[in-house]
Amino acid sequence: MQASYNPKLIEAEVQQGWNEQQKFQAKEDPAREKYYCLSMLPYPSGTLHIGHVRNYSIGDVISRFQRMQGKNVLQPMGWDAFGLPAENAAIKHAVPPAQWTRENIKQMREQLQQLGFALDWSREFATCDPDYYRWEQLMFTRLMKKGLVYNKQAEVNWDPVDQTVLANEQVIDGRGWRSGALVERREIPQWFLKITDYADELLDGLDHLPDWPEAVKTMQRNWIGRSHGAELRFQVADSDTCLEVYTTRPDTLMGATYMAVAAQHPLALEAARDNPEIAAFIEQCRHTGTAQADLDKAEKLGLDTGSKAVHPLTGELIPIWIANFVLMAYGTGAVMSVPAHDERDHAFASKYKLPIKPVVQPADGSELMADEPFIGSGVTINSGEFDGLSSAEAAAAIVARLAQQGDGRATTQYRLRDWGVSRQRYWGCPIPVIYCATCGAVPVPEEQLPVVLPEDVEFSGVVSPLKSDPSWRQTQCPQCGGAAERETDTFDTFMESSWYYARYCCPGAADMLDERADYWLPVNQYIGGIEHAIMHLLYFRFYHKLLRDCGMVHSDEPATRLLCQGMVVAETYFRKHDDGSTSWYSPTEVDVHTDGDGKRQARLLEDDQPVLIGAIEKMSKSRNNGVNPQDLVERYGADTVRLFVLFAAPPEQSLEWSDSGVEGAWRFLRRIWSGIHQHLQAGTPTQLDVAALNAEQRELRRKLHDTIAKVSDDMQRRYTFNTAIAALMELSNHLQRFDDDSAAGLAVTREAWLALIQMLHPVTPHLCTHLWPQLGGTGDIEQAGWPQVDAAARVREAIIVVIQINGKVRGKLELAPGLDQAATLAAARADQNVQRYLSDVTIRKIIHVPDKLLNLVVG
RNA sequence: GCCGAGGUGGCGGAAUUGGUAGACGCGCUAGCUUCAGGUGCUAGUGACCGCAAGGUCGUGGAGGUUCAAGUCCUCUCCUCGGCACCA
């Protein structure tokens, strides 16, 4: 064995061994328990960043830990290859999106391989492969036939200068990012998947996912937003039309003092015909982006249409307003406004001096605040015959009355909207639909799939090559054979990431999936960023149910356990220049020192002059605070990088990058190496005889077996890899301090080093694979399994019990375990410092937590 | 604006079920080792008072519950994630 640790050498050697054995190629084996560990597939943006390294290191620890438990583990990898950045790169560098994407994949694959993840590369694919997306197209045509797909008009952000549709992130302060033109909302026909048909199942299914984070389930519940309320009808005065509204608070109907409709509502458009002021207001409303946050934050504006609605209970006429915060796409595009009991209605009514009529008061009889809405439930007032009822009773009574009149009914509504899957983009999966003048929208027949996206194209960034190329577009109608045109929109890229996990199970299958999916699914452990908590993870669950209802999978949920890791952030360094500009420096160009007063100072290495330390932010190009994992791997080796990202923070928290922290990880691995080197030099151990150990040797064994218990729990149940590593560091510190070269001492040390290497193996597999045979470990470290706890070794002869007086610690006593209250009290009374607090007082109360604490309340 | 997280030494973090706050690592200080050091080793390191024994304070802020609160409750401030076309 070499005296010093050389990761470059051993990592290459160990990886070569894995490749030769095809060690991580998973094979279906019904005789073995399977374990499917899946990390979210990366978008091939160019190079790997630390966020990827973190995600895949977590997945790899879990995978390798499960392999050591004897499971048949599948850990695949692929590429989420369609998407907007490829189009942006094409515009910037004049390179076709396909070429840019495939070059990035090549580079990132090499980087992943260097990190030594236990991935089954034989199952790899990119979602832009026609062999992948053809099945997605097939699925879509099947869903069309099942009635789960429909086409309707929906709004997009329209850039009137570039004549193109913009993504929300391309709209900056209401203007197109490239043209600077004011963006308009425009309606165009788009395809939708009926996710709302599955709303109840998606909601109720969350109750059967005990191993998903509560935060994710809560966010999904709120997103689906099932509410029970009523659909009500208001007659429009002097007209034969009606306003349909939905409300969750029919008990407050008597307090409705005005109606509000969306700017695109037919009633608003009608009012605009002979009123230029209204027409101008509607035009103004078109210039907000489609993003919900923008709409919510925009000033609440409204205008009276002049029309009146008839209150269905009182017959009173109430005004109908147009309001910019009422959405046409959501619900019926109209709401009844009860300013006394709704915050937004109250603000709007106050602004436009509309009447406010309280109809509910708190059940405890407390006074209503004059200037604030009361949004809770209570008891009805000012409601005529409905007075004096609880909110629930009033709601039921009012809905019953309206139903009798034919003006309303109880309904359930969802906040969730159907999934719009059309994108007016080139670099995506073509939507397999043909438009025929006689037959309408016809799904592309199965035998004509896939509809292949042409890859060798010139892409200007304005018009999709699909739309500009008539030879691709023009085709024949599959039904009547007449001239027809292809759909030129492509799918939302969430479509590809909604079923990739299932395709990994069946590479090369002659259908979308085959029986191999039943062996591997559901995913045992899914790992990805918290930013996917709602949309991706909801579509992922939805698609699984679609696959199930098409008979392709036989479970209700795609993944049983979910881990959401936090972001990777880093400190920023900058200088302000005289011209007002700012230069951002990479952490690698800066040296940070702490002076004697604990103040941190940063200097630029290049000129040795100070730079300012900025905020800690998500790693990004604009702040230049990213760190390239490849440089780190070259300098320290993959094991050090993996160790650091797992040690620096628990997986769910954001991880702060630290160069010196990496140094610490590197030092730890070197100490392991030299410690084992010294141990091997010291001599040959005899067979371990636990009955013949001295006190120090027993103490080391106790530490070892405590550590095995802790690390096993941290890795399997808690997923706190940082504390598992800390425990291994403690054990290693003990081992280095333990200076006993006797045969028995060496035997205890050998046992500890072997177990340490086994437990560290999921984290730093190269180092541990290499050291295992050096320590005399037999066979393959992975097949040797996980170290077992020897309960007898953990028994303590003495434990520390804390003595408190009035809740303050006054003594710590080393006592035999299992003492009762009286014996513990006697021991406490014997302690000098405790005695000082017990003279001249009476003990009023004694709290005894056996083997932990004795609290004496005195006075 | 709405929904969801988070806030603990100079720094990253630990404290798993309400029971010793600060494990482990970084940084810093001192000493030793080395031809040398951006090496290695040893010791110390929350703040304040004290020669020491020991004491007081201390988990974003303000209240509360409890023998006991980082942990539970109420209010509040700040940071981050998502908000349906970034992925």
Side-chain angles (χ1 to χ4, degrees), chain A residues 40 42-43 45 80 83-85 156-157 165-171 213-216 218-219 221-223 225 290-298 300 325 344 416-417 419-420 422-425 492-494 497 529-536 538 564 566-567 569 591-600 615-618 644 647-650 652-665 667-668 670-671 674 710 713-714 717-718 720 722-723 725-730 733 800-804 806-809 812 832-833 836 844-847 849 852-853 855-857:
Chain A
M40 288 182 187
Y43 180 80
S45 53
D80 188 18
L84 207 49
V156 293
N157 298 307
V165 173
L166 299 176
N168 282 338
E169 72 160 8
Q170 297 173 318
V171 180
E214 275 315 315
V216 171
T218 306
M219 282 190 270
R221 280 190 192 103
N222 293 335
W223 184 262
T290 56
Q292 189 65 42
D294 293 342
L295 294 168
D296 286 345
K297 279 185 224 156
K300 309 285 178 281
F325 53 83
R344 198 171 58 182
L416 179 70
R417 310 202 289 260
W419 179 10
S422 295
R423 296 293 180 270
Q424 296 70 44
R425 314 210 174 282
D492 177 7
T493 55
F494 276 127
S497 55
I530 184 67
E531 66 273 20
H532 297 295
I534 299 178
M535 301 189 63
H536 163 66
L538 196 64
C564 290
M567 295 180 310
V569 296
D591 177 55
V592 183
H593 261 288
T594 311
D595 64 21
D597 304 335
K599 282 199 192 105
R600 300 177 69 245
I616 294 164
E617 296 185 52
K618 183 172 175 171
F644 173 72
F647 177 64
E652 301 85 357
Q653 270 180 46
S654 60
L655 181 151
E656 190 174 324
W657 183 255
S658 150
D659 283 328
S660 47
V662 182
E663 290 278 351
R667 276 201 286 266
F668 171 63
R670 284 207 310 193
R671 278 202 300 271
S674 65
K710 165 142 187 77
D713 188 45
D714 284 354
R717 181 181 63 88
R718 297 213 304 153
T720 48
N722 57 327
T723 56
I725 292 165
L728 293 172
M729 285 175 169
E730 276 189 69
N733 291 343
I800 289 170
V801 174
V802 170
I803 311 301
Q804 296 184 335
N806 286 342
K808 287 188 192 292
V809 178
K812 294 176 186 183
Q832 269 199 344
N833 196 46
R836 291 172 48 214
R844 301 196 185 279
K845 194 170 178 182
I846 302 175
I847 294 104
V849 183
K852 271 207 168 150
L853 169 138
N855 186 11
L856 305 175
V857 184

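A note on names: the letters A, B, ... follow the listed sequences, proteins ahead of strands, and every chain is numbered from 1. Please read all numbers here as calculations on a predicted model, not as lab measurements.
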Let me check I have this right: for RNA chain B, each base becomes ., (, ), [, ] or |, based on Watson-Crick or G-U pairs with both distances under 3.5 Å. What is the full string? (((((((..(((......[....)))((((((.......))))))((((....))))..(((((..]....))))))))))))....
Would you say B:C57 has OP1 or OP2 under 4.0 Å from some side-chain N or O of A:Lys808?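 Answer is yes, contact under 4.0 Å.
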Ignoring backbone atoms, establish whether A:Asn722 has a side-chain N or O less than 4.0 Å from OP1 or OP2 of B:C24.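 No, outside the criterion.
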Take atom [atom1] in [N] and the same atom in [M], then report the distance between them in whole Å.
{"N": "B:C11", "M": "B:C28", "atom1": "P", "result": "14 Å"}
{"N": "B:U71", "M": "B:G58", "atom1": "P", "result": "13 Å"}
{"N": "B:U56", "M": "B:G60", "atom1": "P", "result": "22 Å"}
{"N": "B:A23", "M": "B:G12", "atom1": "P", "result": "15 Å"}
{"N": "B:U39", "M": "B:U33", "atom1": "C1'", "result": "10 Å"}
{"N": "B:A53", "M": "B:C35", "atom1": "C1'", "result": "48 Å"}
{"N": "B:C67", "M": "B:A62", "atom1": "P", "result": "23 Å"}
{"N": "B:U59", "M": "B:A69", "atom1": "P", "result": "11 Å"}

Could you list the residues that satisfy side chain to side chain donor-acceptor pair (under 3.5 Å) with A:Ser660, not counting sequence neighbours?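 A:Ser660 satisfies side chain to side chain donor-acceptor pair (under 3.5 Å) with A:Ser658 only.
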Among [options], find the nucleotide with the atom closest to the side chain of [X].
{"X": "A:Met567", "options": "B:G19, B:G81, B:C86", "value": "B:G81"}
{"X": "A:Met219", "options": "B:G4, B:U16, B:C83", "value": "B:G4"}
{"X": "A:Thr723", "options": "B:A15, B:U56, B:G4", "value": "B:A15"}
{"X": "A:Ile530", "options": "B:G81, B:A87, B:U16", "value": "B:G81"}
{"X": "A:Ala726", "options": "B:G54, B:C67, B:C24", "value": "B:C24"}

Do A:Ser497 and A:Asp80 have side-chain N/O donor and acceptor atoms under 3.5 Å apart?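 Judged by distance alone, the side chains do not pair up.
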Indicate, yes or no, whether a donor-acceptor pair under 3.5 Å links the base of [N] to the side chain of [X].
{"X": "A:Asn855", "N": "B:C67", "result": "yes"}
{"X": "A:Arg844", "N": "B:C67", "result": "no"}
{"X": "A:Gln170", "N": "B:C85", "result": "no"}
{"X": "A:Lys710", "N": "B:U16", "result": "yes"}

Using a heavy-atom cut-off of 4.0 Å across all strands, would you classify [X] as base, sugar-phosphate, or nothing?
{"X": "A:Arg717", "answer": "base"}
{"X": "A:Trp223", "answer": "base"}
{"X": "A:Phe647", "answer": "base"}
{"X": "A:Val216", "answer": "nothing"}

Of A:Met729 and A:Arg670, whose nearest nucleotide on RNA chain B comes first from the 5' end?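 Nearer the 5' end of the strand: A:Met729.
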Say you draw a straight line from CG of A:Asn733 to CG of A:Leu728; how long is it, rounded to the nearest 0.5 Å?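 So the CG of A:Asn733 and the CG of A:Leu728 are separated by 11.0 Å.
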